[in-house]
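A short worksheet on the structure shown next.
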2 protein chains.
Amino acid sequence: MHKYEKIRMELTRRINSQTWPVGTSIPHEDELAAEFGVARGTIRQALSSLVEAGFLEKKRRAGTRVAYPKDHASTLRIALVRDQIEQGGHAYAYQLLDDKVRDGVRHVLCLHARDRRPYQLEDRRISLDGIPSAKQADFATISPNEWLLQQQPYSRVETELSAATPNTHDVKYLDLKPDEPVFLVTRETYLDAIWLTRARLSHPASVYSIRMDSAFQ
Amino acid sequence: MHKYEKIRMELTRRINSQTWPVGTSIPHEDELAAEFGVARGTIRQALSSLVEAGFLEKKRRAGTRVAYPKDHASTLRIALVRDQIEQGGHAYAYQLLDDKVRDGVRHVLCLHARDRRPYQLEDRRISLDGIPSAKQADFATISPNEWLLQQQPYSRVETELSAATPNTHDVKYLDLKPDEPVFLVTRETYLDAIWLTRARLSHPASVYSIRMDSAFQ
DNA sequence: TCATTAAATATGTATAGACATAATTAGATT
DNA sequence: AATCTAATTATGTCTATACATATTTAATGA
C-alpha cells in the first residue's frame, strides 16, 4: 500500500469518526506533511481524491474544510448496451427495424435484446454532414451505437435520464406489461459546435435501472 | 491560462482532429515533456483529466492510448432537492405527511413542492442505532434529507435510478396525470458496515429528469 | 518448440524546492 | 467609521530528480 493511500485512509477515518466534524478546517498541507513525515505533494495526492469525492473542500488561503455532504458526486458510466448485457452473463441479440435518410440525417430504429427479451429500443439520428461515412454504414449486423463508437471522437456529450409513458414504437417493440413505463436515456453528442448524433434509448422499466456505488474504504 | 491547460487543449485537439486516431499510442510522457518544453509532472497533470474523462487509457510499460469512447464517464451530482428547486428560481415548500417509529427505525413520509406543485415524495427510513440523534429530530420544519446532511458523515452511498408505476402514496400525494409514471431515486447510505438510512425519492415523470453534460473545451 | 527467466521500459510514487495566485487580514488613509 | 491599500498566507502550479512497479520483450534453457 502506498503512502498516500494510507494517509487518505487515516484522513477518511478522522472525518467519519467526527474527529474532524463537518465544517471544521483541517490542518494545512505543510502541517499534515510534517505530521505524516512525507512531502507536501504526497499530502496533496491523498487530499485530491477526498476533494473529488466531495468529502473535503479546498479554497485558496482559507484552507481545507470538511464538506457538508450535500451535492455528493458519483461517477456514472453508461456502458455499451452489448457489454452491459454480456457482462451480466446474458445472451445478446441485435435486430434492425427501420432505416431511412431524410434532410441529411440518417434515422435508424433497432432493438437490443437480452435473453431473447426486448431490452433497449434505439432510436438513432446521425448527421451525415457531421459523420459522412455514416452514409455507407451497414446497420444490419452492427448497431449504430457500436458503429459510432468505432468511428468518431466527440468532445461533448449531453445525457438526460427520465421516466416516460411509452410511445408507439416502444409499445410495438418493447413487449411492455400493461401500464409499464419506460426508462429513457437520451444522448446527444457534438464535436466542438458540430452536432453529430442523437439517441433515444428506451427500456422497459421492469428490466432496466442505473446503479451507482460511490465508496471509500 | 496555465501550461497544463494549454497542453490539455492541444492534446484534445489532436484527438478530436484524428491526428491521433482512436486506438493509437500517443508519445511517451518524456517525449511530450520535451516537445512542450515542460517537466514530466506537468504533462502528467494534463493527461490525468483526459484519462479521467475517458479519452485516454494508460497502462504501465505499454504507454498511453487514445481510448475507444465506449464506457464514457460522466460525473453526476444529485443536489439537495431544496437547492435544486431554488437554484432554478422556483418557490420551494416542504410538508410533513407521516412520522412513526418501528423496530428501531424511524419512518418518515414528506413532500417537497416546486411552485406549489408536488415535486418529490420522500419516503425515508433512518436507523436509530446508526443515528441515535434521529430520535429527537423534529421533521415538521426541516426535511429528513436536509437534517441528515447536517448530522452525519457517511462512507458509502448506493444510488439507483429507475422508472416505475406509482405506488399508493405516489398516487395520493404526487398529483399525477393519468398513466404518468414516476422517476425513482433510491438511495442507501452506510458508515463503514453500519446501515444509516434509506430514501425512496419519487417524482412525477413530467417534472423531473436528470441531466449530465460532460464537456471539454 | 515451449516454457521459464531475466532485462528493458513507460507509467506510478515520492521528494524538495521555487514561485504564482487568490483570499483574507491587518494597516494606512480619507 | 468607512474605504482603500499592502502584507500575509494556504493552496495551486511547476521543475528536476530518484526510485518503484507492472508489463512487455528478449534471452535462456529444458
Tell me the closest heavy-atom pair linking B:Y94 and B:I142, and the distance in Å.
OH-O, 3.6 Å
Between A:L47 and B:V38, name the one whose nearest nucleotide on DNA chain D is closer to the 5' end.
A:L47
Would you mind telling me which of C:dT15, D:dT13, D:dA10 lies closest to the side-chain atoms of A:H28?
D:dA10
Any ion pair linking B:E35 and B:R14 (charged N to carboxylate O, less than 4.0 Å)?
yes
Rounded interatomic separation in angstrom, taking CD1 from B:I43 and P from C:dA10:
15 Å
Roughly, in whole Å, what's the span from CZ in A:F36 to C1' in C:dT13?
17 Å
Considering just the side-chain nitrogens and oxygens of B:T64, establish if one lies under 4.0 Å of OP1 or OP2 belonging to C:dA10.
no
Of the listed C:dT13, D:dC14, D:dT11, the closest approach to the A:K58 side chain comes from D:dT11
Can you find an N or O donor on one side and an acceptor on the other, under 3.5 Å apart, linking the side chain of A:R40 with the base of D:dG12?
yes
Take the protein atom CD of A:E29 and the nucleotide atom P of D:dG12, then report the distance between them rounded to whole Å.
6 Å
Under a 3.5 Å threshold, yes or no: a donor from one side chain and an acceptor from the other, between A:N145 and A:H112?
no
Residue whose nearest DNA chain C nucleotide is more 5′ - A:Q45 or A:R60
A:Q45
Under 3.5 Å, is there a donor on one side chain and an acceptor on the other for A:Y119 and A:Q84?
yes
Atom CZ of A:R44 to atom P of D:dA10: distance rounded to whole Å?
14 Å
Atom CE of A:M1 and atom P of D:dT21: how far apart are they, to the nearest Å?
14 Å
Roughly how many Å is it from CG in A:D30 to C1' in D:dT9, rounded to a whole number?
10 Å
Euclidean distance, atom CD of residue A:E31 to atom C1' of D:dT11 [Å, nearest integer]:
13 Å
Between A:R187 and A:E158, is the closest basic N to carboxylate O distance under 4.0 Å?
no
Indicate whether OP1 or OP2 belonging to C:dT13 is found under 4.0 Å from a side-chain N or O atom of A:T42.
no
Whether B:Y4 contacts D:dT13 is assessed here as follows: a side-chain N or O lying under 4.0 Å from the phosphate OP1 or OP2. Is that the case?
yes
Look at A:K59 and D:dG12 and indicate whether a side-chain polar atom (N or O) is within less than 4.0 Å of OP1 or OP2.
no
Among C:dA8, D:dA16, C:dA14, which nucleotide has an atom closest to any side-chain atom of B:R61?
C:dA8
Starting at CD of A:E57 and ending at P of C:dA23, how long is that distance when rounded to a whole Å?
14 Å
